[in-house]
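For reference, the structure is listed below as structure tokens.
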Amino acid sequence: MDGKVLENSMAVYLNTNSALILYKELKNSEYFVDKSSMIEAINRRIRTNTKYICITKPRRFGKTSILNMMGAYYCKAYDSGEVFDALAIGKSGQYTVHLNRYNVINICLSNLPEDGNTYENYINLIKCSLKDDLTEAYPELGDKEFRKISDMLAATNDEFIFLIDEWDYIFSHNLYLENQGDFLEFLRDLIKDRAYVAMAYMTGVLPIKQYSTGSALNMFREYTMLNDPFFERYFGFSEDEVKSLCGRQSRLSLDEISEWYDGYQAKDGGHIYNPRSVICALEDGACQSYWTRTGKMDEVLFFLKHNIGEVREDVVKMVNLMPVRIEIKKEYTAGQESPVNRKEIYAAMIIYGLLAYHDGEIRIPNKELMIEFESALEDDDFGYVAELVRNSNAILDATLEQKGDVVASYLHRIHNSEIPILKYNDENSLSCVVTLAYLSARNKYKVEREIKSGKDFVDFIFHPRRRNLPGIVIELKADSSPEAALGQIMEREYCEKLREEKIEDILAVGINYNSGSKEHQCVIRKVF
């Protein structure tokens, strides 16, 4: 550990200053969040039998930022004390023990060769770059022949920390399918059971595939979206961290940020926010979906189109803000073939961050993801569902115009659709129909279901996002009358919550379904 300081100015992987530069930029940003206390937990694993760490989280959950932080902290080619002294790690009693003490090999495996996209070109780019870096840093090795990079590293008689970003890139992008096993063997030979490895830290989206005979990388302790009781608080933002960030500006409230980007949960039930989206929203001063950049909704669309294992019906439930109970224990991993059943599909969605999973329930995490699912449902392959979603503006317009008969007719068409969940087989079905019918209203309203207002719980309250729109209160009845629903709205003071928000223009909507005649009735009145 106290070997020579290597200033490798032309290096690609060994002791470069890129991690330091990038982490300084992050630290200088307006909405920087200090995650450096994670270093203390990592330090305890150096030169122990737990030194192999693989952390897989969805894209935009801060994996690369953490990796740059670690590179800036451990690399011995420079002094980064001024960066870390005032951070949380600076208060650790072991802070200086590992600060700038190691040779760091920092490899991002998403860099593809320019001279031909073959596996040979890809792996040779990595091998040649490593060899060149080592030859420059250790000139005495230049005249020797080495069969493998691992032999060359061993000949340095030095020790190294390996930081490997996007380890699963060729798997997640379906590259070099016939050589993916060779790639795993390359990584195994490079770092497994090597005395020169002080620590190996990998990040990616997909967990490591465990073969029946054992994985080539089975020395890694893995921490994933399904199973991470130790590091989860360092990836994503906690509610306290988001609250602190919101306090640095005045354009967006914590409630707005929560609606859009909250929705993931830690093992202890604590909130986890999508960090990249939170930062983008605060920088832009506006909440919107930043998820489309990843393109993974195309995979969701594939799952929904083929309706494997009634996934489409589950998604209709989740779009209606209803969680789906299912036990997911087996993870979707790198190199695994396309999901073929309901549990595998949800395991993949959870790994990609498209669904949140906690305590045996899956749900769409937040508004940002809800928009993507709603958009997916508009695809023509969804037939009548797509038509309902695309035309859901019509029922809102009819409501605002107080045309109850039009609303009733629209609900009747939805009820007679091809969607099994909307056949009123349980107590939630009428609510599902109403939610699907008013799907586009979420662009203009914050919609709450079964919320306390006045003296009881009301079925729906629509809070207008613009002051020129009326508030809407909807009460549902079965085998009764819409007038009875309206009477309940008034008697139990369901409009109270809207009035507390200084909304005076309110529409009361009573909806009844007659199970005998299979007809819907709707009456809409202004509340004075």
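These values consider heavy atoms only, across backbone and side chains, with no hydrogens, waters or symmetry-generated copies.
Judged as a salt bridge (charged side-chain N to carboxylate O under 4.0 Å, His left out), and not counting sequence neighbours, the contacts of R465 are E259. Residues satisfying the side chain to side chain donor-acceptor pair (under 3.5 Å) criterion with R492, sequence neighbours excluded, are D456. In this structure, E500 has no salt bridge (charged side-chain N to carboxylate O under 4.0 Å, His left out) partners at least two apart in sequence or on a different chain. Residues forming a salt bridge (charged side-chain N to carboxylate O under 4.0 Å, His left out) with R188 (at least two apart in sequence, or on another chain): E185. Residues passing the salt bridge (charged side-chain N to carboxylate O under 4.0 Å, His left out) test with D228 are K57, sequence neighbours excluded. Residues satisfying the ring-ring contact (aromatic ring centres under 6.0 Å, His included) test with Y234, not counting sequence neighbours, are none. Among residues two or more places apart in sequence or in another chain, the side chain to side chain donor-acceptor pair (under 3.5 Å) test is passed with E331 by T224. Listed by chain and residue number, E361 satisfy the side chain to side chain donor-acceptor pair (under 3.5 Å) test with R363 (two or more places apart in sequence, or in another chain). Scored by the ring-ring contact (aromatic ring centres under 6.0 Å, His included) test, Y223 finds F231 as partners (sequence neighbours excluded). With sequence neighbours left out, the side chain to side chain contact (heavy atoms under 4.5 Å, CB included) criterion links D79 to N100. Applying the side chain to side chain donor-acceptor pair (under 3.5 Å) rule to D85 yields the partners Y95; only residues at least two apart in sequence or on another chain are considered.
Separation of the Y23 and F84 ring centroids falls under the 6.0 Å cut-off. A distance of 6.0 Å or more separates the ring centres of Y273 and Y264. A ring-centre distance under 6.0 Å is not found for Y201 and Y52.
Residue pairs meeting the salt bridge (charged side-chain N to carboxylate O under 4.0 Å, His left out) criterion with at least one member in residues 26-49, sequence neighbours excluded, are K35-E241, R47-E159.
Residues E448 and F460 are not in side-chain contact: their nearest non-hydrogen atoms beyond the backbone lie 4.5 Å or more apart.
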Give the C-alpha distance, both sets of side-chain angles, the deciding distance and a yes or no for side chain to side chain donor-acceptor pair (under 3.5 Å) between Y290 and N274. CA-CA 10 Å; Y290 296 95; N274 186 308; over 6 Å; no

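Within 6.0 Å of CD on E82 lie no more than 12 heavy atoms contributed by other residues, nucleotides or ligands.
In this pair, W167 and F171 present their aromatic rings tilted. The plane angle is within the 30 to 60° band.
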